[in-house]
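Let me begin by presenting the structure, written as structure tokens, before commenting on it.
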There are 2 protein chains.
Amino acid sequence: MTKKLLLKDVAKLAGVSEMTASRALRGAPDVSAKTKAKIEEIARTHGYVPNRIAGSLSSQSVNLVAVVVPSLNSFVFPEVLSGISAVLKESPLKPVVGVSGYDLEEEESVIREMLSWRPSGLIVAGLEHTEATRRMLQQADCPVVEVMDVDGDPVRHCVGISHLQAGGGMAEQILARGYRSIGFIGTKMPQDFRARKRFEGFTDGLAAQNVTLSDMEHYSGESSIQTGRQLTSQMLARNPHLDCIYYSSDVMSVGGLMHCLAAGLSVPGDIALAGFNNLQILQGLPLQLATTDACRHEIGERAARIILKSRETGKAEELVFDRLTPAISLGETL
Amino acid sequence: MTKKLLLKDVAKLAGVSEMTASRALRGAPDVSAKTKAKIEEIARTHGYVPNRIAGSLSSQSVNLVAVVVPSLNSFVFPEVLSGISAVLKESPLKPVVGVSGYDLEEEESVIREMLSWRPSGLIVAGLEHTEATRRMLQQADCPVVEVMDVDGDPVRHCVGISHLQAGGGMAEQILARGYRSIGFIGTKMPQDFRARKRFEGFTDGLAAQNVTLSDMEHYSGESSIQTGRQLTSQMLARNPHLDCIYYSSDVMSVGGLMHCLAAGLSVPGDIALAGFNNLQILQGLPLQLATTDACRHEIGERAARIILKSRETGKAEELVFDRLTPAISLGETL
DNA sequence: ATCGGTATCGACACCGTTATCGATACCGGG
DNA sequence: CCCGGTATCGATAACGGTGTCGATACCGAT
């Protein structure tokens, strides 16, 4: 670990000015091919790593896009991220992830932290924020995209699906198939606004046809197969007549399916199941579960494209409000 | 979106010097409680967001810890991350995640990018890197921890488990239970060095008792339940006499279990199954799968603690080499 | 009243890079 | 051979904060 190597050192070794070295290493014009090669050679052999803090301060530009999500522990947000990365790949921009833990206060502090690095764009999951967060988003001098959800009042750009609509759509499908004794099982309900909206849309959809929820469970912990299995078991124990359960996520509905397998219940004969998200990784189970696709990858792509476009053009972008359609796939459990 | 607010503006509004405003907002000493309150009030109402680029350049310190992982799409690395976050939570440091996509060239570029931000520490998954990456890690003027794996030659600090040992241990357990017709199914084998080491340790473990692998499948795509199911189906079709399959990951072994369920095979009567990682989210299946715990959370915690400690003390840390013990849990499928 | 000590604050330099603009060298055309 | 134009390069001033150290005010003790 030798003493840190600065641009001036590289320049001195190459016998040029700092300015020329800087240009050469950034691929900027006004450097002859020969000197450029020499400088690059020296930088490489000596392991020079440019100080982007200084560079960004000077150039007033940071090639980072801040992405703030509630969690990485589900499969949901990594897929949004991969959509973002895919689009950003062919640009100098890089995504930087922050995790808010489904906590609006924490979200505020994470966003404040990220904005303090003056990113080229900010993508944040959800429309619900503290007042201070909303102010920051409004005043941020970079494009801001709120993703995943469109049911609410976006601060700037917005790309997502309507979770109200997703819940309502599933209610329609379930009712259309004749189910009437319906339960709901959700996780993280206090904090997960989108799950709550699905729940709301779902009960509204039922109510529209004069059906009320027969039972429900709002679990505050994380989703897991185990949790889904246990809650399903409990709910069916106290309500054996239920003929359908709607879950806040696929992971939970898989747990439900596991309970049914163990209990010898036929699905959907004895009981129908439906989840949400359409997670690829859960394909391959005994039955293909009914679910709604949340368009995660595409949401990520579109959000990233908004950032890119607003970078190319000279700001003053008109606001984008992209409402994608959540497609229901019935699978074999409805 | 008003014109950007600088520290000097806040200072002017508060009628103090930039220096005093800076101190007040950072909670530094030498500011009276009254002026501090006033400055904070002004900063809050006007929505001042400090420019950490300038601040970091000046103070020569960045409260970020770079974390480079191959992927976020499995459950594996998010758990390492949560261990890191948990430890960093009570410090000013924040983790920043970079994804290398199981590609050493991409890893090099991600690490170069992260180091150019002069983080307070770097945590990177794996011991295999390009030569250029190794040089960067050596020369980085921050603590560097290679995590997950200990089978190799760490550049600096190292926290992980031996995947050779993990594979060997599972081989022992499988042989001890009398299985002799054994297959292996792995994903990402060309790029996932740790999976390859488990494979190697596994075959060595078998060889030690004069057993050779009866069949194997090295699939290059990502892990998924579906893939596990299909590959298991194919392998059992061409080798019906197999009595045990070892998978490179739990997600794949779940797929194997799903095939057995569908095919009416009894587990472990007709065929035994074992995976790797001990993923919590997959608990709750019909059978608890045999697996090896990869100590993900603890690895993250320990790595973060190394960074913290080396920050407190004045560098010159002695190298840490933490070899955790991967515990096998037999479950009900062996 | 004088003095040393502490609390509070500000002026100035500096962090490592890049934007700007001027300087120099070199080239072909008239 | 002179001249305008281009290619190449360097000196200087930022960028927006913070470290340092000196200045000032205020306090109780002598």
Side-chain angles (χ1 to χ4, degrees), chain A residues 3-40 42-43 46-64 92 112-113 115-120 141-142, chain B residues 3-40 42-43 46-64 92 112-113 115-120 141-142:
Chain A
K3 47 198 61 168
K4 44 192 167 181
L5 200 64
L6 302 180
L7 182 62
K8 79 169 92 163
D9 302 315
V10 175
K12 205 166 297 173
L13 287 168
V16 298
S17 72
E18 292 182 50
M19 203 52 237
T20 303
S22 169
R23 281 195 271 250
L25 295 175
R26 281 178 297 141
D30 288 359
V31 184
S32 73
K34 204 171 60 181
T35 42
K36 177 172 174 184
K38 183 176 177 185
I39 292 168
E40 280 173 342
I42 289 177
H46 291 256
Y48 170 69
V49 178
N51 186 328
R52 228 175 276 276
I53 297 179
S56 295
L57 179 61
S58 178
S59 67
Q60 298 284 66
S61 75
V62 180
N63 284 335
L64 297 177
R112 189 189 311 282
E113 171 75 18
L115 284 181
S116 76
W117 288 98
R118 301 292 188 268
S120 294
D141 67 338
C142 66
Chain B
K3 47 199 59 169
K4 44 192 168 181
L5 200 63
L6 302 180
L7 181 63
K8 79 170 96 167
D9 302 316
V10 175
K12 206 166 296 174
L13 287 167
V16 298
S17 72
E18 290 184 51
M19 203 53 238
T20 302
S22 169
R23 281 194 272 250
L25 295 174
R26 280 178 297 142
D30 289 0
V31 185
S32 74
K34 205 172 58 179
T35 41
K36 178 171 173 183
K38 183 175 176 185
I39 292 168
E40 280 174 343
I42 289 178
H46 291 257
Y48 171 68
V49 179
N51 186 327
R52 227 175 277 277
I53 296 178
S56 295
L57 179 61
S58 177
S59 66
Q60 297 284 59
S61 74
V62 180
N63 284 335
L64 297 176
R112 189 190 310 282
E113 172 74 19
L115 285 181
S116 76
W117 289 98
R118 301 293 188 266
S120 293
D141 67 340
C142 66

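Treat the numbers as computed from the prediction; the structure is a model and nothing was measured. A note on names: the letters A, B, ... follow the listed sequences, proteins ahead of strands, and every chain is numbered from 1.
Under the side chain to side chain contact (heavy atoms under 4.5 Å, CB included) criterion, B:K12 pairs with no residue, sequence neighbours left out. Remark: A:L13 engages A:I42, A:H46 in a side chain to side chain contact (heavy atoms under 4.5 Å, CB included) (not counting sequence neighbours). A:P29 pairs by the side chain to side chain contact (heavy atoms under 4.5 Å, CB included) definition with nothing, not counting sequence neighbours.
A:D9 and A:K4 get closest at one heavy-atom pair: OD2-O, 3.9 Å. Taking every heavy atom of both residues into account, A:A11 and A:A21 meet most closely at CB-CB, 3.9 Å. The two residues A:I39 and A:A24 make their nearest non-hydrogen contact at CD1-CB, 3.6 Å. Nearest heavy-atom pair across B:R118 and A:V49 is NH2-O, 2.7 Å. When all heavy atoms are compared, the tightest approach of A:L5 to A:G47 is CD2-C, 4.4 Å.
Near DNA chain D, defined here as any heavy-atom distance below 4.0 Å, the residues from residues 10-20 of chain A are A:V16, A:S17, A:M19, A:T20, listed numerically. Within residues 46-53 of chain A, the residues that have a heavy atom under 4.0 Å from DNA chain C are, in order of number, A:Y48, A:N51.
When the side-chain nitrogen and oxygen atoms of A:Q60 are compared with OP1 and OP2 of D:dG16, one or more of them lie within a distance under 4.0 Å. Neither OP1 nor OP2 of D:dT18 sits under 4.0 Å from any side-chain N or O of B:R23.
Between the P atom of D:dA11 and the CG atom of A:L7 lies a distance of 14 Å, rounded to the nearest Å. In this structure, the CG atom of A:L57 is 7 Å from the P atom of D:dG16, given to the nearest Å. Going from atom CD1 of B:I39 over to atom P of D:dT18 covers 12 Å, rounded to whole Å.
Inter-residue side-chain proximity for B:L7 and B:L25 is flagged as met; some heavy-atom pair is nearer than 4.5 Å. Residues B:W117 and A:N51 fail the side-chain proximity criterion, which asks for heavy atoms closer than 4.5 Å.
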Nucleotide-level pairing of DNA chain D, given in dot-bracket where Watson-Crick and G-U pairs need both distances under 3.5 Å and | marks other strands: ||||||||||||||||||||||||||||||
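Residue pairs meeting the side chain to side chain donor-acceptor pair (under 3.5 Å) criterion with at least one member in residues 25-35 of chain B, sequence neighbours excluded, are B:S22-B:R26, B:S32-B:T35. For residues 54-63 of chain B, no residue pair satisfies the salt bridge (charged side-chain N to carboxylate O under 4.0 Å, His left out) rule, not counting sequence neighbours.
Here the range on DNA chain C touched by chain A, meaning any atom under 4.0 Å from one of its heavy atoms, is C:dG16 to C:dT20.
Nucleic acid contact class of B:S56 (heavy atoms, under 4.0 Å, all strands): none.
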Name the atoms and distances for all side-chain donor-acceptor pairs under 3.5 Å in residues 53-61 of chain B, with sequence neighbours left out.
{"from": "B:S56", "atom 1": "OG", "to": "B:R52", "atom 2": "O", "distance (Å)": "2.8"}
{"from": "B:S56", "atom 1": "OG", "to": "B:S61", "atom 2": "O", "distance (Å)": "3.3"}
{"from": "B:S59", "atom 1": "OG", "to": "B:G55", "atom 2": "O", "distance (Å)": "2.9"}
{"from": "B:S59", "atom 1": "OG", "to": "B:S61", "atom 2": "OG", "distance (Å)": "3.2"}

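In terms of position on DNA chain C, the residue among A:R26 and A:D30 whose nearest nucleotide sits closer to the 5' end is A:R26.
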